[in-house]
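Notes for the one structure printed next.
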Amino acid sequence: ISGPMAAVEASDSDGKEQGVETSVTYYRLEEVAKRNSLKELWLVIHGRVYDVTRFLNEHPGGEEVLLEQAGVDASESFEDVGHSSDAREMLKQYYIGDVHPVRTLRARRDPSKSNTCKSCWVYWIFPIVGAVLLGFLYRYYTSESKSS
Ligand code: HEM
């Protein structure tokens, strides 16, 4: 699954005209993680995705720290610094969307995934054991027929 998730439009009286402003684009963390270079740098702060590519050389804290947080959840490091309210205001201009709430979906999917994996393991181990056994049986019988 790749590409930004379909935009979900907030209901608005004139939704069609305002669609671009009122819609929220959801990005999966995998999508954000790909933008981890100087060419394209996204990071997550409090569930929101920010494209800070053009902010890199403007950041008073330097581009190094942003590169370190590239493509990941930077909420903690952002708070640790104790950014000013000015800095928080600046976030808005780099906001591009929210993190897709995929974790709950995955949590639901994972147990079944491991279950099917267990069973598929069983499915291929039986034929292999069977084939080895057949091999031994074949050798046993052919050696017996030779000796007798
Ligand atoms: C888009 C996100 C960010 C914005 C808009 C931003 C903005 C700013 C601004 C305006 C300052 C100047 C001080 C202030 O006003 O608080 C600053 C300082 C600083 N920022 Fe950020 N920042 C962001 C993300 C981060 C992240 C993820 C880190 C990771 C550690 C970080 C580390 C720092 C540090 C260390 C300073 C202190 C610089 C100093 O004290 O000389 N920033 N940032």
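For ligands, and for the atoms within them, numbers begin at 1 and follow the listed sequence.
Under 3.5 Å, the side chains of S75 and D73 contain a donor-acceptor pair of N or O atoms. Side-chain atoms of Q69 and S77 form a donor-acceptor pair, as typed in the model, at a separation below 3.5 Å. A donor atom on one side chain and an acceptor atom on the other are not found under 3.5 Å apart for E31 and H100.
Under 4.0 angstrom from ligand 1, the non-hydrogen atoms of F55 all belong to its side chain. Under 4.0 angstrom from ligand 1, the non-hydrogen atoms of V81 all belong to its side chain.
Residues V129 and Y138 do not share a hydrophobic cluster, clusters being chains of Ile/Leu/Val/Met/Phe/Trp/Tyr side chains in contact below 4.5 Å. Note: the hydrophobic cluster containing V81 does not contain F55 (ILVMFWY, side chain heavy atoms under 4.5 Å, direct or indirect links). Cluster membership check: L91 does not share its hydrophobic cluster with V72, using side-chain heavy-atom separations under 4.5 Å among Ile, Leu, Val, Met, Phe, Trp and Tyr.
One distance of note links CG of D51 with CZ of R35; it measures 8.5 Å at 0.5 Å rounding. Remark: H59 NE2 to Y94 OH distance equals 10.0 Å, nearest 0.5 Å.
Note: angle at atom 21 (Fe) of ligand 1, from NE2 of H83 to NE2 of H59, is 180° (rounded to 10 degrees).
The ligand atoms of ligand 1 that sit less than 4.0 angstrom from a heavy atom of M90 are 5 (C), 10 (C). Taking every non-hydrogen atom of A74 and a distance limit under 4.0 Å, the qualifying atoms of ligand 1 come out as 27 (C). For ligand 1, the atoms closer than 4.0 angstrom to any heavy atom of L91 are 1 (C), 2 (C). For ligand 1, the atoms closer than 4.0 angstrom to any heavy atom of V52 are 1 (C). Taking every non-hydrogen atom of L66 and a distance limit under 4.0 Å, the qualifying atoms of ligand 1 come out as 24 (C), 25 (C), 26 (C), 27 (C).
Of the protein's non-hydrogen atoms, G61 CA, 3.7 Å is the one closest to atom 38 (C) of ligand 1. From the protein, the heavy atom lying nearest to atom 11 (C) of ligand 1 is P60 CG, 3.3 Å. Atom 15 (O) of ligand 1 has S84 OG, 2.4 Å as its closest protein atom, hydrogens excluded (heavy atom only).
Using a 4.5 Å heavy-atom threshold, the side chains of L43 and V52 count as touching.
For atom 40 (O) of ligand 1, no protein heavy-atom neighbour is found at a distance under 4.0 Å. At least one protein heavy atom sits closer than 4.0 Å to atom 6 (C) of ligand 1.
Heavy atoms of F78 approach ligand 1 to within less than 4.0 angstrom.
Between G62, S77, G82, it is S77 that holds the heavy atom closest to atom 29 (C) of ligand 1.
No donor-acceptor pair closer than 3.5 Å links the side chain of R48 to the backbone N or O of V44.
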